[in-house]
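Written out below as structure tokens is the structure these notes cover.
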Amino acid sequence: MKAIVQDRYGPPETLTLAEVDTPVPAPGEVLVRVEAAALNAYDWHTMRGDPRLARLSMGRSRPRARIRGRDFAGRVEAVGAHVRQVRPGDAVFGDLGEANGAFAEYVCVPETQVAAKPANLTPQQAAALPLAGSTALMGLRDVARVEPGHRVLVNGASGGVGTLAVQLAMAFGATVTGVCSTRNVDLVRSLGADHVVDYTRDDFARDTRRYDVVFDLVGNRSLTALRRVLTPTGTLVLSGGGVYRGGSLVGPVWLIARGRLLAPLVRQRIVTLATAPSRPHLDTLRAHAEAGRLTPVIDRTYPLHEVPQAMRYLEGEHARAKVVITV
């Protein structure tokens, strides 16, 4: 099969299209013929080995997983022993997690990391949901426990996670403020945001509004600035992916580390968000999508052999919402 492989850390040019063996599902796994895959900030971090401190877990000189990509949608081709929830022919979507491998014609994935594709979404839209949607869902529902009447600020509202977070916060009954650049104001407003802050003109940290939840998806503001706009007992959720700016030693890890150190000392809740592939989260995302409360926004699509161009577009801060690969 064809796949996008990488044998050393580096720029998009280190990603190449190659012939590799088609995987065979082990017990508890399913083989999926990939129809679409989506890019995430996670992917360029892994490609670059950035921040460098993360290489302690990703691999010293190259990523441990040779094939890039983690989000996908497609059809089940075969199942391993003991698989009970899906059958060959089923349309599914899922997240491979740190195993990676979605930028390929076929993937093997544990049964627990796939779910039935939302019936009203295309494979491209479904592929845009798993990691970004799970991040938004966990940050707002599981961590911040957003309820009707809460005031929520999403910093990075036009990104892959942000566009979904705005919609989910609205679905939970919150009053939502989205922070984005001038070119994305209309997009964020179209998603249902009650207020939109253009960060090129206004600084949300100097506004008089106070929020029950601040969901930071950028990692470009200090803890002081983010806490300033919280209510005294509000919740700050940190999940900044950032963009590539020439490489760094710690990147957003520094903000996250400071948040963890400060959290026990203040009344406000400061939470670092960690996500993992989960069928229950995928099932919830499907339910919201099929009910019309959640629609992925796709900026651009690329064919499999143009993954390097897609990655270059994503990591340069030009992309808004999701960039998707068709296979």
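Between the NE2 atom in H288 and the CG atom in L129 there is a gap of 11.0 Å [rounded to 0.5 Å]. Rounded to the nearest 0.5 Å, atoms CZ (R267) and CG (L230) are 12.0 Å apart. Rounded to the nearest 0.5 Å, atoms CD (E29) and OG1 (T112) are 9.5 Å apart. Separating the CD atom in E105 from the CD atom in E77 is a distance of 11.0 Å, to the nearest 0.5 Å. Atoms CG and OG1, from L168 and T135 in turn, are 11.0 Å apart once rounded to the nearest 0.5 Å. Taking CG of L121 as the reference point, atom CZ of F93 lies at 8.0 Å (rounded to 0.5 Å).
For the residue pair T200 / T182, a side-chain donor-acceptor distance below 3.5 Å is found, with atom types taken as modelled. One side chain, D142 or H281, offers a donor N or O that lies under 3.5 Å from an acceptor on the other. For the residue pair D21 and Y106, no side-chain donor N or O sits within less than 3.5 Å of a side-chain acceptor on the partner. N155 and Y199 form no side-chain donor-acceptor contact under 3.5 Å, judged by distance and modelled atom types alone.
F204 does not carry R209 over the face of its six-membered ring by the limits of under 6.0 Å from the centre and within 45° of the normal.
Looking at N120, its side chain does come within 3.5 Å of a backbone N or O of A289 through a donor-acceptor pair. R75 contributes a side-chain N or O that, together with a main-chain N or O of G89, makes up a donor-acceptor pair within less than 3.5 Å. Side-chain atoms of E290 come within 3.5 Å of backbone atoms of A119 as a donor-acceptor pair (strictly under, hydrogens ignored). Side-chain N or O atoms of Q6 include one that pairs as donor or acceptor with a backbone N or O of M47 at under 3.5 Å. With hydrogens and angles disregarded, a donor-acceptor distance shorter than 3.5 Å links the side chain of R320 to the backbone of R183. At least one donor-acceptor pair closer than 3.5 Å links the side chain of H150 to the backbone N or O of E147. Counting only distance, with no hydrogens or angles, the side chain of D71 and the backbone of L131 share a donor-acceptor pair below 3.5 Å. Between the side chain of D212 and the backbone N or O of G234, no donor-acceptor pair lies under 3.5 Å. Under the 3.5 Å distance criterion, the side-chain polar atoms of Q268 are matched with a main-chain donor or acceptor of R227. For R210 (side chain) and R228 (main-chain N/O), a donor-acceptor pair under 3.5 Å exists by modelled atom type.
Taking each heavy atom of F72 and A102 in turn, the nearest pair found is CB-CB, 4.1 Å. Heavy-atom minimum distance, A132 versus G160: CB-O, 3.7 Å. The two atoms that bring R279 and V114 nearest to each other are NE-O, 3.2 Å, heavy atoms only. The two residues V109 and D95 come nearest to each other via the heavy atoms CG2-O, 4.4 Å. Scanning both residues, V79 and P88, for their nearest heavy atoms gives CG1-CD, 4.1 Å. In plain terms, the two heavy atoms of V188 and C180 that are nearest each other are CG2-SG, 3.7 Å.
M1 and V307 fall into different hydrophobic clusters, defined by Ile, Leu, Val, Met, Phe, Trp and Tyr side-chain heavy atoms under 4.5 Å apart, directly or through other members. L294 and V324 fall into different hydrophobic clusters, where Ile, Leu, Val, Met, Phe, Trp and Tyr are joined by side-chain heavy atoms under 4.5 Å apart, directly or via other members. Under the 4.5 Å side-chain heavy-atom criterion for grouping Ile, Leu, Val, Met, Phe, Trp and Tyr, L314 is connected to V327 within one hydrophobic cluster. When the side chains of ILVMFWY residues are joined at heavy-atom separations under 4.5 Å, either directly or via intervening members, V83 and L96 end up in a single hydrophobic cluster. Using a 4.5 Å cut-off between side-chain heavy atoms of Ile, Leu, Val, Met, Phe, Trp and Tyr, with links allowed through other members, Y313 and I298 fall into different hydrophobic clusters.
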**OP:** Please test D90 against R87 for salt bridge (Lys or Arg N to Asp or Glu O under 4.0 Å), starting from the C-alpha separation and ending with a verdict.
**Re:** CA-CA 6 Å; D90 286 353; R87 299 177 180 177; over 6 Å; no
**OP:** Evaluate the criterion side chain to side chain contact (heavy atoms under 4.5 Å, CB included) for residue pair N40 and K322; output intermediate values, then yes/no.
**Re:** CA-CA 8 Å; N40 296 282; K322 296 296 293 185; 2.7 Å; yes
**OP:** Decide side chain to side chain contact (heavy atoms under 4.5 Å, CB included) for V146 and V152; before the verdict, give the C-alpha distance in whole Å, the side-chain angles of both, and the deciding distance to 0.1 Å.
**Re:** CA-CA 8 Å; V146 172; V152 175; 4.0 Å; yes
**OP:** Might you work through the side chain to side chain contact (heavy atoms under 4.5 Å, CB included) test for L191 and V297, ending with a clear yes or no?
**Re:** CA-CA 9 Å; L191 298 174; V297 178; 3.8 Å; yes
**OP:** Run the numbers on I4 and L304 for side chain to side chain contact (heavy atoms under 4.5 Å, CB included), then give the verdict.
**Re:** CA-CA 8 Å; I4 296 294; L304 181 63; 3.8 Å; yes
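Salt-bridge check for E111 with R84: failed, with every basic side-chain N at 4.0 Å or more from each acidic carboxylate O. A salt bridge links D203 with R221: the distance from a Lys NZ or Arg NE/NH1/NH2 to an Asp or Glu carboxylate oxygen falls below 4.0 Å. Between E13 and R312 a salt bridge is recorded (basic side-chain N to carboxylate O distance below 4.0 Å). Ion pairing of E98 with R70 is absent here, as no side-chain N (NZ or NE/NH1/NH2) approaches a carboxylate O to less than 4.0 Å. Using a cut-off of 4.0 Å between Lys/Arg side-chain N and Asp/Glu carboxylate O, D43 and R68 are scored as not salt-bridged. At a threshold of 4.0 Å, the pair D7-R66 counts as salt-bridged, since one of the basic side-chain nitrogens sits closer than that to a carboxylate oxygen. A salt bridge links R201 with D198: the distance from a Lys NZ or Arg NE/NH1/NH2 to an Asp or Glu carboxylate oxygen falls below 4.0 Å.
Two residues are said to be in side-chain contact when any heavy atoms from C-beta on lie closer than 4.5 Å; V179 and L153 meet this criterion. Taking 4.5 Å as the limit, every side-chain heavy atom of V30 sits out of range of all side-chain heavy atoms of P25. Inter-residue side-chain proximity for Q309 and Y302 is flagged as met; some heavy-atom pair is nearer than 4.5 Å. Taking 4.5 Å as the limit, some side-chain heavy atom of M138 sits within range of a side-chain heavy atom of L273. At least one side-chain heavy atom of F172 sits less than 4.5 Å from a side-chain heavy atom of L137. Taking 4.5 Å as the limit, some side-chain heavy atom of E19 sits within range of a side-chain heavy atom of K2. Residues N100 and I67 form no side-chain contact, since every pair of their non-hydrogen atoms from C-beta on lies 4.5 Å or further apart. At least one side-chain heavy atom of T177 sits under 4.5 Å from a side-chain heavy atom of V197.
Each of V266, L236, D216 was scored for a side chain to side chain contact (heavy atoms under 4.5 Å, CB included) with L223, with one residue passing: L236. Put simply, the residue from L39, V34, L17 that forms a side chain to side chain contact (heavy atoms under 4.5 Å, CB included) with F103 is L39.
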